[in-house]
Amino acid sequence: MATKPRRIVILGPPAGGKGTHAKRLAADLGVPHIAIGDMLRREVAEGTSLGRTAKGRMDAGELVPDEVVEEMVLSRLGRPDAARGWILDGFPRDREQAEALERQGVGSRVELALALEVSLHEIVERIGGRRMCRSGHVYHVVTNPPRTPGVCDVDGQPLFQREDDSDEVVRHRFEVFERDTKPLLEFYDGRGVLATVDGSGTPEEAYARLRATL
Ligand code: AMP
């Protein structure tokens, strides 16, 4: 049996399901789930200087400067648990970041780039109902509601809509994805590691298709 890839990046538009699938796949493969957006939101919530730098960009739907995220990600990849492999969720998001990862050498070479495909119509629907708590547990008011409306099942904290999930900001995040991140599909295709996945439908349906590519 061929060994399964263990250094995986997940690419996709906002609300494409990156976080949902990355978390589940990481648990299945026994490797860490490294979610850059979550790391940045934590810095913002804690009010660190990095968080203060990042907040304006995030609220506007812009990318945080490459050097900031690269330093965060590369130092996370240097921790012992990442030697087993990793699922990178939200990184790389542009060509410079993909090249920074490659410059780390063979031990950081991406073995599989999963590109989730979801229509703009479905993205808009998912984002309109998306809610989360401060610790990053994510719900959807229709397709994945909490037991008590507005309250996190896991830790009882109030749920809120992400600031960058407003209509206007989402439209811009989608444009940034098309402009900066989509060219990475060609980049990883050129390295022979790209797999595109139909990310539409329920999380279960999409995850089954994603697993089939492994
Ligand atoms: P996400 O949770 O992946 O949707 O990311 C939320 C926001 O965090 C993005 O819209 C960016 O502002 C920022 N962000 C996340 N990952 C990156 C990255 N790799 N490079 C730059 N900015 C990022």
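Remember, it's 1-based here, ligands and their atoms both numbered in the order they're listed.
- Ranking the protein heavy atoms by distance from atom 4 (O) of ligand 1 puts R162 NH2, 3.1 Å first.
- Taking 4.0 Å as the cut-off between side-chain N and carboxylate O, E175 and R171 do not count as a salt-bridged pair.
- Within the 4.0 Å heavy-atom criterion, both parts of V64, backbone and side chain, lie near ligand 1.
- For CD of E163, the number of neighbouring non-hydrogen atoms (other residues, nucleotides, ligands) closer than 6.0 Å is 12 at most.
- Side-chain contact annotation: D89 with H33, donor-acceptor N/O pair under 3.5 Å present.
- When only interatomic distances are considered, the shortest N/O to N/O separation between E62 and ligand 1 falls below 3.5 Å.
- With respect to D165 and R173, a salt bridge is recorded, a charged nitrogen being found less than 4.0 Å from a carboxylate O.
- Heavy atoms of Q97 found under 4.0 angstrom from ligand 1 belong exclusively to the side chain.
- Between H21 and V197, every side-chain heavy-atom pair lies at or beyond the 4.5 Å cut-off.
- Contacts between L63 and ligand 1 below 4.0 angstrom, taking non-hydrogen atoms only, involve backbone and side chain alike.
- Regarding atom 14 (N) of ligand 1, its nearest protein heavy-atom neighbour is L40 CD1, 3.5 Å.
- Ion pair R209/E205 not flagged as a salt bridge, since none of the NZ, NE, NH1 or NH2 atoms sits closer than 4.0 Å to an Asp/Glu carboxylate oxygen.
- In summary, the atoms of ligand 1 found under 4.0 Å from a heavy atom of I36, numbered by their order in the structure, are 16 (N).
- Scanning the protein for heavy atoms near atom 19 (N) of ligand 1, the closest one is G90 O, 2.8 Å.
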Quiz item: Stepwise, does the side-chain contact (heavy atoms from CB on, under 4.5 Å) test hold for R191 with V110?
Solution: CA-CA 9 Å; R191 280 151 181 73; V110 171; over 6 Å; no
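- In this structure, L50 and M72 have side chains that are in contact, with non-hydrogen atoms separated by less than 4.5 Å.
- Here is the list of ligand 1 atoms found below 4.0 Å of a heavy atom in V69: 18 (C), 20 (N), 21 (C).
- Considering backbone and side-chain N/O atoms, P92 never comes within less than 3.5 Å of an N/O atom of ligand 1.
- Residue-to-ligand polar distances keep D38 apart from ligand 1: every N/O pair is separated by 3.5 Å or more.
- By the criterion of a heavy-atom distance under 4.0 Å, neither the backbone nor the side chain of M39 is placed next to ligand 1.
- If you number the atoms of ligand 1 from 1 as listed, the ones under 4.0 Å from a heavy atom of R41 come out as 2 (O), 6 (C).
- Salt-bridge formation is not detected for the pair D164/K55: no Lys NZ or Arg NE/NH1/NH2 atom is positioned less than 4.0 Å from an Asp or Glu carboxylate oxygen.
- Between the choices M58, R173, K18, R93, the shortest heavy-atom distance to atom 1 (P) of ligand 1 belongs to R93.
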